[in-house]
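Written below as structure tokens is the structure these notes are about.
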Amino acid sequence: MSNVHLVDPLSRSIEDVRMELNVSASSYSLNSPHMLQLSRKLDSLLNQYENLSNTPCD
């Protein structure tokens with residue numbers, strides 16, 4: 001089974017959180033709870049993406 005149907009929405013989510021991080025950086029300090037939460041969210045999404053891309057497609 002192909003993971004393509006999971007990768008597209010995940011890619012969009014990654015881009016959305018990246019953009020939010022960039023915008024928030026002008027309003028929040030880098031070690032603020034808000035920025036740390038966004039950073040963790042991005043890390044989680046990137047890990048999911050990596051796991052999907054390493055999963056063999058049958």
Side-chain angles (χ1 to χ4, degrees):
M1 184 162 105
S2 173
N3 292 326
V4 172
H5 68 284
L6 298 173
V7 170
D8 277 346
L10 194 53
S11 294
R12 280 188 228 110
S13 294
I14 289 168
E15 251 338 281
D16 289 346
V17 174
R18 278 186 179 155
M19 287 174 43
E20 188 176 355
L21 256 172
N22 286 331
V23 169
S24 294
S26 64
S27 301
Y28 296 91
S29 69
L30 294 179
N31 61 351
S32 72
H34 177 76
M35 293 296 285
L36 294 173
Q37 178 185 0
L38 286 175
S39 180
R40 285 186 196 111
K41 185 174 181 179
L42 181 58
D43 286 345
S44 175
L45 291 168
L46 290 169
N47 286 334
Q48 289 175 46
Y49 186 89
E50 180 70 21
N51 289 337
L52 280 176
S53 64
N54 288 332
T55 303
C57 297
D58 294 334

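The chain is numbered in sequence order, starting from 1.
- Side-chain heavy atoms closer than 4.5 Å link hydrophobic residues (I, L, V, M, F, W, Y) into clusters, and following such links, possibly through other members, connects Leu52 to Ile14.
- Follow the hydrophobic side-chain contacts under 4.5 Å out from Leu38 and you reach Leu46 in the same cluster.
- Exactly one residue among Leu42, Asp43, Asn22 makes a side chain to side chain contact (heavy atoms under 4.5 Å, CB included) with Val17. That residue is Leu42.
- Looking only at side-chain heavy atoms (C-beta outward), Ser32 and Ser29 come within less than 4.5 Å of each other.
- Residues Gln48 and Leu45 are in side-chain contact: their nearest non-hydrogen atoms beyond the backbone lie under 4.5 Å apart.
- Every pair passing ring pair (Phe, Tyr, Trp, His ring centres under 6.0 Å) that includes a residue from residues 31-55 is listed here, sequence neighbours excluded: Tyr28-His34.
- Residue Asn31 comes nearest to Leu36 through the heavy atom pair O-CD1, 3.6 Å, listed as atom of the first residue, atom of the second, then distance.
- Met35 and Ala25 get closest at one heavy-atom pair: CE-CA, 3.8 Å.
- Residues Arg18 and Glu15 are paired through a salt bridge, judged by an N-O separation under 4.0 Å between the basic side chain and the carboxylate.
- Connection of Leu30 to Leu21 is established within a shared hydrophobic cluster, with ILVMFWY side chains joined at heavy-atom distances below 4.5 Å, either directly or through further cluster members.
- Panel note: side chain Ser13, backbone Pro9; a donor-acceptor pair is recorded below 3.5 Å.
- In this structure, Asn51 has no side-chain hydrogen bond (donor to acceptor under 3.5 Å, both in side chains) partners at least two apart in sequence or on a different chain.
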